[in-house]
Amino acid sequence: MTGIEMIKFFNTMDRKLEEFKPIHPNEARMYTCGPTVYNFAHIGNFRAYMFEDLLRRTLKYFGYKVTQVMNLTDVDDKTIRDSQAANMSLNDFTAQYKKSFFEDLETLNIEPAEMYPAATGHINEMIALIEVLVEKGYAYQADDKSVYFSIAKFPEYGKLAKIDLENQRSGVRIKNDEYAKDSVADFALWKAWDENDGDVHWESPWGRGRPGWHIECSAMAMRYLGKTFDIHTGGIDNMFPHHEDEIAQSEAANGCTYVNYWLHCAHLMVEGDKMSKSAGNFYTLRECVEKGYDGRELRWVLLGAHYRKKLNFTFAACDQARVALNKFAELFARLKDIKAEGDGSEAEEIVLKAKHAFENGLADDLNISEALAAVFGLQHDANKILNSNNLSKAGAEMILAQYRKFDEVFALFEVDAVKEEVVPAEVMEMAEKRCAARVAKDWATADAMRDQLKELGWVVEDSSDGFKVKKI
RNA sequence: GGCGUGGUAGCCAAGCGGUUAGGCAGUGGUCUGCAAAACCAUCUAGAUCGGUUCGACUCCGUUCCACGCCUCCA
């Protein structure tokens with residue numbers, strides 16, 4: 001069993017690599033900004049969830065007990081707007097996208113968080129938190145009946161994003177006069193009902209309305225993880241204002257540090273550009289699956305670059321992922337065929353080398369490239385021993401066991417998965433006829449049939465003990 | 001305007017002040033009736049101009065280019 005060793009993370013708060021020291025020994029409590037459930041999540045969203053999966057799996061690999069809370073934003077401008085457009089109740093409307101979100105997580109083999117609290121289930125906690133802020137003088141109800149957080153009352157505002165509000169572009173998009181807020185930068189904690197909200201509203205000490213977006217994360221994180229917890233993750237674009245606002249309201253209310261380690265994931269690009277609907281490079285996970293890529297291939301691609309670097313998603317990369325995964329599958333099959341006697345000592349060195357490189361990579365702020373290099377390195381080393389016929393069954397088992405360990409974090413190899421492709425009877429029949437032609441050394445017929453199978457979308461590969469049929 | 005990130009071989013992508021990153025593609029080979037698959041080998045870069053140094057892809061500065069955030073987009 002791998003013990004806990006030093007793990008370093010890049011903390012956005014001070015922009016430095018820091019050794020991870022949890023509040024509770026051997027335990028990591030983390031909060032993750034989850035989806036707004038108004039549509040299918042796209043692959044950019046999943047890059048962030050994939051990073052968080054890598055993070056939680058790595059922590060578990062190193063022996064930490066992980067408690068991860070991921071919120072579901074099921075009430076906001078977009079969910080209200082789109083549920084009305086769909087002529088559905090807010091609950092019914094968001095329920096379908098919550099469901100699809102969990103299906104997508106499963107497709108990508110993303111390990112479930114311990115809790116998925118929904119905003120609409122925690123209105124009371126949010127109201128209670130806002131009440132504290134009002135009592136302490138950090139929040140006020142404006143003429144428009146909404147309750148705002150007063151940034152002027154929290155001097156540390158901007159410490160995460162390193163934003164100095166004095167130097168910000170002002171007046172470009174916001175006409176100050178249109179707002180009832182004391183200051184443009186003040187953000188809504190409670191939004192007073194207006195007719196656009198329809199029947200979506202809750203009662204509160206400030207009248208009917210609904211919570212602002214930021215307060216939900218603070219309220220739910222506090223409820224399930226405590227006033228101070230270890231790790232808060234999210235996309236880089238949520239750093240400001242969302243996470244900054246979370247800090248302000250949480251620390252103002254509690255008088256203590258909200259989060260010890262802030263980890264932010266960079267954006268996903270598509271074919272070199274920012275993903276956008278207008279550019280036509282906007283993909284949901286489902287669309288990628290429809291294009292024929294499976295969850296493991298997409299997982300490989302989304303995991304492919306360090307989380308703090310922009311990742312360029314391309315379908316060429318998906319094809320490469322397929323090739324790579326096939327080679328590993330091939331290796332596992334070869335290893336499982338080994339029968340030779342021996343104590344396995346011939347594999348010890350290469351396995352240990354790979355294990356150390358893998359762990360060093362992960363412990364260094366989740367350096368996925370280093371970890372992957374270790375995984376490929378073991379593939380290469382294992383093949384060399386295989387080719388020299390010096391590998392014993394015990395050695396092969398040792399290597400396979402190491403890949404199972406790798407998979408605790410990568411969840412890509414599925415060392416023991418048996419993937420049986422359903423080959424249609426007519427394809428199988430033709431392949432068998434071709435095999436007979438080969439046995440009869442009728443190469444012309446055999447080659448013609450191979451071409452025919454190819455046209456049907458199947459490739460046939462000969463081997464010493466027969467043939468294999470695979471879908472193209 | 002303010003703050004910030006990055007530019008590495010055909011493509012993707014790391015570490016590192018001097019010693020092979022890794023993957024994909026390509027090329028050569030093994031295997032095969034021919035293929036395919038797989039395996040082995042190989043290809044060896046650091047936007048620009050300066051500086052520091054015995055030595056820089058790695059440190060400092062310049063220029064150029066790309067990108068992100070600046071009120072609710074992971």
Side-chain angles (χ1 to χ4, degrees), chain A residues 15 32-36 41-52 73 76-78 151 158 161-170 172-174 179 181 184-188 191 212-214 233-242 244-245 264-269 272-276 300-301 304-306 308-314 316-317 319-324 326-327 329-331 333-334 357 360-361 364 367-377 379-380 382-384 386-388 438 441-444 446-447 450-451 454 459-464 467-468 470:
Chain A
R15 314 285 154 103
T32 299
C33 287
T36 300
H42 57 70
I43 51 174
N45 301 126
F46 284 109
R47 198 235 166 149
Y49 303 135
M50 191 62 79
F51 144 62
E52 284 138 6
T73 299
D76 79 322
D77 293 347
K78 292 187 295 273
I151 283 174
K162 313 291 180 224
I163 276 181
D164 177 3
L165 289 169
E166 298 297 309
N167 288 328
Q168 294 312 299
R169 203 162 42 180
S170 62
V172 177
R173 275 168 254 182
I174 303 144
Y179 283 80
K181 305 189 271 191
V184 200
D186 290 354
F187 57 91
K191 293 186 156 186
W213 176 42
H214 312 299
T233 64
I236 189 76
D237 48 341
N238 271 163
M239 181 170 78
F240 192 88
H242 183 53
E244 196 69 58
D245 291 352
H264 289 99
C265 177
H267 272 277
L268 178 88
M269 314 281 283
D273 289 308
K274 186 177 177 177
M275 181 163 58
S276 71
W300 181 287
V301 173
H306 189 268
R308 282 191 284 114
K309 281 214 163 181
K310 285 190 284 282
L311 171 65
N312 188 22
F313 179 92
T314 64
D319 294 332
Q320 289 184 12
R322 178 169 297 176
V323 171
N326 281 342
K327 289 186 182 184
E330 197 82 25
L331 172 66
R334 286 179 81 187
N360 287 339
D364 181 17
N367 189 330
I368 193 81
S369 303
E370 292 287 321
L372 273 173
V375 164
F376 278 110
Q379 178 189 48
H380 185 244
N383 273 318
K384 276 201 146 180
L386 273 167
N387 290 349
S388 66
R438 279 191 73 234
K441 297 199 191 299
D442 180 0
W443 310 128
D447 290 352
R450 185 163 63 195
D451 290 342
K454 200 172 176 185
V459 60
V460 57
E461 292 172 5
D462 300 321
S463 58
S464 53
F467 62 89
K468 271 194 289 194
K470 288 203 279 200

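Side chains are part of it too, since the values below use all heavy atoms of this structure and drop only hydrogens, waters and symmetry mates. Since this is a predicted model, take the numbers as computed values, not measurements.
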Does some side-chain heavy atom of A:D237 sit less than 4.5 Å from a side-chain heavy atom of A:H267?
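A:H267 vs A:D237: side chains touch.
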
Which one, B:C39, B:A37, B:A41, comes nearest to the side chain of A:K470?
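Per side-chain heavy atoms of A:K470, the pick is B:A37.
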
How many whole angstroms separate atom [atom1] of [X] from atom [atom2] of [N]?
{"X": "A:R15", "N": "B:G6", "atom1": "CZ", "atom2": "P", "result": "12 Å"}
{"X": "A:E330", "N": "B:A37", "atom1": "CD", "atom2": "P", "result": "11 Å"}
{"X": "A:H264", "N": "B:G68", "atom1": "NE2", "atom2": "P", "result": "17 Å"}
{"X": "A:K468", "N": "B:A35", "atom1": "NZ", "atom2": "P", "result": "19 Å"}
{"X": "A:K441", "N": "B:U32", "atom1": "NZ", "atom2": "P", "result": "12 Å"}
{"X": "A:F467", "N": "B:G33", "atom1": "CZ", "atom2": "C1'", "result": "17 Å"}
{"X": "A:D237", "N": "B:C67", "atom1": "CG", "atom2": "C1'", "result": "14 Å"}
{"X": "A:D245", "N": "B:C70", "atom1": "CG", "atom2": "P", "result": "12 Å"}

Does A:T32 form a side-chain hydrogen bond (donor to acceptor under 3.5 Å, both in side chains) with A:E52? I'd like the steps, not just the answer.
CA-CA 8 Å; A:T32 299; A:E52 284 138 6; 4.6 Å; no

Does [X] make a side-chain donor-acceptor contact with the base of [N], cut-off 3.5 Å?
{"X": "A:N312", "N": "B:C11", "value": "no"}
{"X": "A:D447", "N": "B:G33", "value": "yes"}
{"X": "A:R450", "N": "B:C34", "value": "yes"}

Please measure how far the [atom1] atom in [N] lies from the corresponding atom in [M], and state the result in whole Å.
{"N": "B:A13", "M": "B:C24", "atom1": "P", "result": "15 Å"}
{"N": "B:G10", "M": "B:G46", "atom1": "P", "result": "10 Å"}
{"N": "B:U30", "M": "B:C34", "atom1": "P", "result": "11 Å"}
{"N": "B:A21", "M": "B:C57", "atom1": "P", "result": "13 Å"}

Tell me which nucleotide, if any, is Watson-Crick or G-U wobble paired with [N] when both distances must be under 3.5 Å.
{"N": "B:U19", "answer": "none"}
{"N": "B:A66", "answer": "B:U5"}
{"N": "B:A14", "answer": "none"}
{"N": "B:U48", "answer": "none"}
{"N": "B:C31", "answer": "none"}
{"N": "B:C57", "answer": "none"}
{"N": "B:U42", "answer": "B:G26"}

Heavy-atom donor-acceptor pair, [X] side chain to [Y] backbone, under 3.5 Å:
{"X": "A:E461", "Y": "A:K468", "value": "no"}
{"X": "A:D462", "Y": "A:F467", "value": "no"}
{"X": "A:R450", "Y": "A:V459", "value": "no"}

Remember a base hit wins even if backbone is also touched, and classify [X] as base, sugar-phosphate or nothing at under 4.0 Å, heavy atoms.
{"X": "A:H42", "result": "base"}
{"X": "A:G44", "result": "base"}
{"X": "A:N45", "result": "base"}
{"X": "A:L331", "result": "nothing"}

How many angstroms lie between CZ in A:F313 and NE2 in A:H42, if you round to the nearest 0.5 Å?
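These two atoms lie 12.5 Å from each other.
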
Look at the side-chain N and O atoms of [X] and state whether any lies under 4.0 Å from the OP1 or OP2 oxygen of [N].
{"X": "A:K384", "N": "B:A41", "answer": "yes"}
{"X": "A:H267", "N": "B:G4", "answer": "no"}
{"X": "A:K78", "N": "B:C72", "answer": "no"}
{"X": "A:H306", "N": "B:A13", "answer": "no"}
{"X": "A:K309", "N": "B:A14", "answer": "yes"}
{"X": "A:N387", "N": "B:C40", "answer": "no"}

Can a side-chain donor-acceptor contact be found between A:D245 and A:H242 if the only test is distance below 3.5 angstrom?
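Note: A:H242 and A:D245 side chains miss the donor-acceptor criterion.
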
Considering heavy-atom distances to RNA chain B, does A:A373 or A:K162 have its closest nucleotide positioned more toward the 5' end?
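Looking at the nearest nucleotide for each, A:K162 comes out on the 5' side.
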
Do we see A:W443 stacking on the base of B:G33, given a limit of 5.5 Å between centres and 30° between planes?
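According to the criterion (under 5.5 Å, under 30°), yes, A:W443 stacks.
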
